[in-house]
Structure formats: structure tokens, C-alpha cells
Amino acid sequence: MKVTFKRKSNAITGSKNSIWEKFEQANLRLQYKCAQWLERKTAHFSRLNWIVVLFTFIVFTGGCSIYLIVNSFSNNKSRNITIAPITKPTNHIPLKEKPPQLNAIISKIEFEKITSFRKYMDSLGRSPTGKKTHDSIVLNRPGLLDSLTIIENYYYSHLKN
């Protein structure tokens, strides 16, 4: 009895890799077929024929480039890109109601509540018995302490004004 061990691969990345590998293989097969077809069609070309093909290509692409350059410098202003100001459409339908206006002024009583909560959280973090409560609050409310700092800084910045 033969025992073989296979590595378990991630099904998602394995399928993506196999899809890309199949795409690459198909692309290479198409390139190979096109190259073979072109070789068959041009196998009988002599050196003179290749020079004529090259000269024709250069004349054609050069002529197109010269035409585009001359046409761009001509005085024909009708096809130039015009700059227009952005306007709001008249048939605008509001999708949402206006957001409620926030009270930007923090009263002294609210600020005192915030600072007392901050002191409470600090005292919880310092005591060994309150550390568990502090950690659970911070875990369940991520960003709470950052928000308190932002509010305090906002209050102090408007207190100066």
C-alpha cells in the first residue's frame, strides 16, 4: 500500500493562481499561433519585398503623423476642447435629508462631566481592582478615550477665542 502526502493549499488562492495560469497559457498559445501564421504568410518574401513593406509602413505612419500635426496647428477652432464651468443640474433630486446640525458649543456643565469621566477612567486604570473594568470599557468602546481628548482640545481651543 502506497501512502502519499499532499499539501493542503488554500482553495481561494489556488483557484486564482490556476485561473491566471490558464489565462497565461491561452495567451502564449495564441501568440504562438499568430507567429506561425505570420511566418507562413511571409515565408516567400525576399529581401526586396521586406524593404518595400518597411518603406510603405514608414511612409504611411509618417504621413498620418504629419497630417495630425498640421491639422492641430491649423486655425480650425471648431474641434478644439472648450472649457466650461461646472454647473449644478436643475433637475436635482435630493437623495437624503439634510444631516442634523450638531451643537458645536460645549457647555461648561457638559465639559465638567467629560473631565470627571476622564478622571474616573484614569483612576480605574491605576487601581488593580478597577483595571479589569477599565480594560473591558476600552475593549468594548474603542476610540472612547481618543474622542474625549478631541473634545477637550476642541473646548480649550474655543475657550481661547
Side-chain angles (χ1 to χ4, degrees), residues 1-39 57 61-62 64-161:
M1 183 171 149
K2 241 183 184 179
V3 177
T4 59
F5 296 100
K6 294 182 180 178
R7 285 188 182 178
K8 293 182 181 179
S9 64
N10 191 351
I12 295 171
T13 58
S15 65
K16 284 184 180 178
N17 287 339
S18 66
I19 290 172
W20 280 112
E21 288 173 0
K22 288 179 183 179
F23 176 74
E24 289 175 3
Q25 290 172 356
N27 191 16
L28 288 174
R29 279 194 304 269
L30 182 64
Q31 287 177 1
Y32 180 77
K33 286 180 181 180
C34 287
Q36 293 298 323
W37 182 80
L38 286 172
E39 282 183 11
F57 177 76
T61 55
C64 288
S65 298
I66 291 171
Y67 169 75
L68 290 173
I69 291 170
V70 169
N71 195 21
S72 68
F73 286 121
S74 69
N75 290 333
N76 188 3
K77 301 289 182 187
S78 64
R79 287 199 270 165
N80 290 345
I81 298 174
T82 58
I83 299 172
I86 298 174
T87 58
K88 187 176 180 180
T90 57
N91 59 353
H92 173 70
I93 301 171
L95 299 177
K96 292 183 179 179
E97 294 179 15
K98 290 184 178 180
Q101 294 294 326
L102 298 175
N103 187 5
I105 301 172
I106 300 171
S107 68
K108 192 168 187 171
I109 297 169
E110 290 172 335
F111 183 71
E112 288 173 358
K113 287 180 182 178
I114 291 170
T115 54
S116 66
F117 180 73
R118 161 81 76 185
K119 290 176 185 175
Y120 171 72
M121 289 296 291
D122 289 341
S123 66
L124 278 179
R126 283 192 214 113
S127 68
T129 56
K131 183 70 174 161
K132 186 176 181 182
T133 308
H134 178 270
D135 291 342
S136 69
I137 291 173
V138 170
L139 182 67
N140 290 325
R141 306 282 187 214
L144 176 67
L145 298 177
D146 296 333
S147 299
L148 291 175
T149 305
I150 291 169
I151 292 171
E152 288 174 351
N153 290 337
Y154 177 78
Y155 181 79
Y156 287 131
S157 68
H158 286 304
L159 184 66
K160 293 176 185 176
N161 295 335

[X]: partners by side chain to side chain contact (heavy atoms under 4.5 Å, CB included), with sequence neighbours left out:
X    : result
S107 : I109, E110
Q31  : N27, L28
I137 : M121, L124, T133, L144

**Report entry** Listed partners of T149 passing side-chain hydrogen bond (donor to acceptor under 3.5 Å, both in side chains), at least two apart
**Finding:**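 Residues passing side-chain hydrogen bond (donor to acceptor under 3.5 Å, both in side chains) with T149: R118.
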Requested in this report: Kindly say whether S136 contributes a backbone atom to a donor-acceptor pair with the side chain of N140 at under 3.5 angstrom?
Outcome: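 Yes, N140 side chain to S136 backbone: donor-acceptor pair under 3.5 Å.
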Requested in this report: Just jot down the ring pair (Phe, Tyr, Trp, His ring centres under 6.0 Å) partners of Y32, sequence neighbours excluded, or say none.
Outcome: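 With sequence neighbours excluded, Y32 shows a ring pair (Phe, Tyr, Trp, His ring centres under 6.0 Å) to no residue whatsoever.
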About how many Å separate [atom2] of [Y] and [atom1] of [X], when rounded to the nearest 0.5 Å?
X    : Y    : atom1 : atom2 : value
Q25  : S18  : CD    : OG    : 10.0 Å
K119 : E112 : NZ    : CD    : 9.0 Å
D122 : S127 : CG    : OG    : 11.0 Å

Query raised in the report: Can you pull the salt bridge (Lys or Arg N to Asp or Glu O under 4.0 Å) pairs that have at least one residue in residues 124-139, sequence neighbours excluded?
Result: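 Those involving residues 124-139 are K131-D135.
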**Report entry** Inter- and intrachain pairs under ring pair (Phe, Tyr, Trp, His ring centres under 6.0 Å), touching residues 111-153, at least two apart
**Finding:**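 Every ring pair (Phe, Tyr, Trp, His ring centres under 6.0 Å) pair that includes a residue of residues 111-153, provided the two are not neighbours, is F111-Y155, F111-Y156.
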